[in-house]
There are 2 protein chains.
Amino acid sequence: MSPTVSDESVVDESGADVLTAPGEDAAKPVSDTPLFDTLVVVGPGLIGSSVLRRAQQKRTLARQLIAVDVSPEVRARVEELGIADRVMADVAEAAALADCVMLCVPVGAMGPVAALALPAMRPGSILTEVGSTKVSVIEAISPFLRPDVAYVPAHPMAGTEYSGPDAGFATLFENRWCLLTPLEGTPPEALAAVRTLWERCGSRLREMDPAHHDRVCAIVSHLPHLLAFTICGTADDLADETRSEVLDFAASGFRDFTRIAASDPVMWRDVFLANREALLEMLARFMEDAQAMARAIRWGDEAYIVDRIQRGRAIRKSLIENQQA
Amino acid sequence: MSPTVSDESVVDESGADVLTAPGEDAAKPVSDTPLFDTLVVVGPGLIGSSVLRRAQQKRTLARQLIAVDVSPEVRARVEELGIADRVMADVAEAAALADCVMLCVPVGAMGPVAALALPAMRPGSILTEVGSTKVSVIEAISPFLRPDVAYVPAHPMAGTEYSGPDAGFATLFENRWCLLTPLEGTPPEALAAVRTLWERCGSRLREMDPAHHDRVCAIVSHLPHLLAFTICGTADDLADETRSEVLDFAASGFRDFTRIAASDPVMWRDVFLANREALLEMLARFMEDAQAMARAIRWGDEAYIVDRIQRGRAIRKSLIENQQA
């Protein structure tokens with residue numbers, strides 16, 4: 001695997017017209033023509049149902065929206081919510097109708113679901129997915145790829161602690177980054193189409209190498225979640241008496257941790273396992289730093305402690321300037 | 001030091017009338033009579049200025065409000081905000097006028113400031129403080145105590161990541177816990193008065209032993225802040241290229257960490273040093289648990305990972321039921 005590396009966030013002007021829609025740039029109004037005729041979203045959870053809602057609201061993503069889920073409960077709920085034109089149980093049957101299939105399933109399920117979808121897909125159609133890790137997902141999907149179906153790996157960096165079809169909303173991706181990690185063989189027109197799809201969802205786009213993506217996400221997303229899950233477990237393990245008081249007296253700091261820790265267990269289990277190497281590296285760095293902080297506290301090294309706290313403030317300030325906080 | 005241990009959160013019905021105000025309970029409307037004639041708040045930052053705003057809004061806390069600060073900028077700002085009847089620079093001069101002196105300074109400054117205030121205080125008046133750690137603050141203040149001035153240690157568990165006189169607001173303490181850690185010699189009527197003060201700020205009250213308080217706060221507040229500060233430093237230490245991307249791509253998880261990490265450096269340095277033993281114990285427990293999580297990720301122990309994540313969700317649920325999240 002030797003993916004294309006590019007770090008531009010400019011709008012692609014090559015256009016996606018090879019597929020269906022004319023290209024667009026920042027100066028022109030968004031075309032009214034739907035980008036795809038039929039978009040199939042497999043896994044209408046937080047991310048998938050948000051894409052459906054956005055597509056339904058704007059009607060510039062696809063003419064027809066199909067949601068696919070293995071769970072009868074999820075299918076029934078999506079029907080009730082009315083966020084897709086059709087709701088189907090069979091991935092292959094739906095994939096056969098699509099210009100674009102978007103997989104929004106936990107990263108551990110990406111390979112098996114792609115294996116079901118790909119053989120049924122039409123020549124010239126596009127497979128994309130929204131996995132939070134890229135190297136492992138690309139590896140899982142690659143064995144099933146066909147030369148006549150384009151594959152565009154993507155990662156919309158947006159989310160809340162809620163999950164399921166009720167958790168989604170049409171503005172989830174607005175002003176959030178969507179990272180594209182195209183492979184060497186990814187056709188430019190397919191890349192441009194997926195880029196346009198996410199632009200029409202309101203995202204800011206960036207392309208990068210899959211391995212680099214995984215390290216960046218390990219520090220900004222996966223490690224924070226691991227720490228939040230862990231501290232909740234640590235608190236839970238304290239003696240019964242203290243535990244009840246943890247729940248009673250949770251101050252603002254712990255509240256934020258439990259908010260993060262309320263995320264979907266299966267999704268995060270998969271992310272941790274899929275991004276194991278990068279995550280363990282970042283955790284090891286963090287543990288060294290936490291030990292250094294512990295040592296500074298034990299020995300009363302005030303300058304060190306203040307310096308570490310001030311770095312947090314500086315990062316916070318940059319995030320606010322970047323409109324990410 | 002052998003403090004009174006009590007775990008009731010019921011409203012005290014003994015009344016605070018020895019001092020100024022009649023007792024109150026949940027069934028009776030709050031008395032209009034101010035609890036104190038003159039309340040002196042030393043350090044009108046986030047907590048102190050919130051007490052002043054509440055006192056000014058409700059007028060049931062004190063007839064006269066005096067704010068004291070060493071900083072000319074803070075004094076000027078408090079004057080501009082108009083949240084105190086008088087603003088003074090000299091602690092002793094203000095303390096001489098008070099029925100109640102409330103110290104809202106960083107925990108490292110509690111001893112020195114108490115040493116200035118106590119000799120000037122009137123017989124029968126009350127000294128209280130809002131330190132986030134109790135054992136070290138009680139130890140720092142104890143040498144300066146007088147038999148004719150009551151001392152009531154308290155800890156309102158409320159806050160935001162902002163600091164200074166502009167950061168406060170009158171509803172900061174509503175439905176938040178305020179922990180009282182009375183000593184053996186704390187007069188019941190003084191304890192009742194401080195309890196009433198915090199009730200009138202909207203707090204829920206609980207009494208506990210100072211050492212127990214420090215362990216509870218180490219896990220629910222101090223450790224989460226330490227982890228948040230540390231992960232920001234870890235991210236900052238990454239190579240320049242990656243660091244810029246950390247700022248660009250901070251997902252929701254990291255955003256919450258930087259929010260916590262934006263807190264006041266001097267306050268938190270003092271808290272960490274003041275609660276060193278309990279905090280290092282909780283950090284050691286946490287590090288063991290994080291190592292166990294790392295091991296589970298390395299070896300693919302799915303059940304362990306899901307179990308730890310689910311504990312976070314369970315705690316989250318309890319917090320919501322407890323109205324603390």
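Every chain is numbered from 1, with letters handed out A, B, ... down the list of sequences.
Both the backbone and the side chain of A:Ile297 have a heavy atom closer than 4.5 Å to some heavy atom of chain B. Using a 4.5 Å cut-off between heavy atoms, B:Leu227 touches chain A through backbone and side chain atoms alike. Heavy atoms of A:Gln291 lying under 4.5 Å from chain B belong to its backbone as well as its side chain.
For the pair A:Trp268 and B:Ile305, the minimum side-chain heavy-atom distance is 4.5 Å or more. Using a 4.5 Å cut-off on side-chain heavy atoms (C-beta onward), A:Met282 and B:Thr234 make no contact.
Taking each heavy atom of A:Leu273 and B:Ala296 in turn, the nearest pair found is CD2-O, 4.4 Å. Listed here is the closest heavy atom pair of B:Pro224 and A:Ile231: CG-CD1, 3.6 Å. Contact record, A:Pro265 with B:Val306: CB-CG1, 4.2 Å, taken as the closest heavy-atom pair. The nearest pair of heavy atoms linking A:Arg276 to B:Arg298 is NH1-O, 2.8 Å.
Here ring pair (Phe, Tyr, Trp, His ring centres under 6.0 Å) pairs that include residues 287-312 of chain A, with residues two or more places apart or in two chains, number zero.
To the nearest 0.5 Å, atom CG of residue B:Leu280 and atom CE of residue A:Met293 are 11.0 Å apart. One distance of note links OG1 of A:Thr230 with CE of B:Met287; it measures 11.0 Å at 0.5 Å rounding.
Ranked by heavy-atom pairs under 4.5 Å with chain B, the first of A:Ala284, A:Gly300, A:Cys217 is A:Gly300.
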I'd like a table of donor-acceptor pairs (distance under 3.5 Å, sequence neighbours excluded) in which one partner is a side-chain atom from residues 307-315 of chain B, with atom names and distances.
residue	atom	partner	partner atom	Å
B:Asp307	OD2	B:Arg311	NE	3.3
B:Arg308	NH1	A:Asp237	OD2	3.4
B:Arg308	NH2	A:Asp237	OD2	3.3
B:Arg311	NH1	A:Asp237	OD1	2.5
B:Arg313	NE	A:Ala262	O	2.9
B:Arg313	NE	A:Ser263	O	3.2
B:Arg313	NH2	A:Ala262	O	3.2

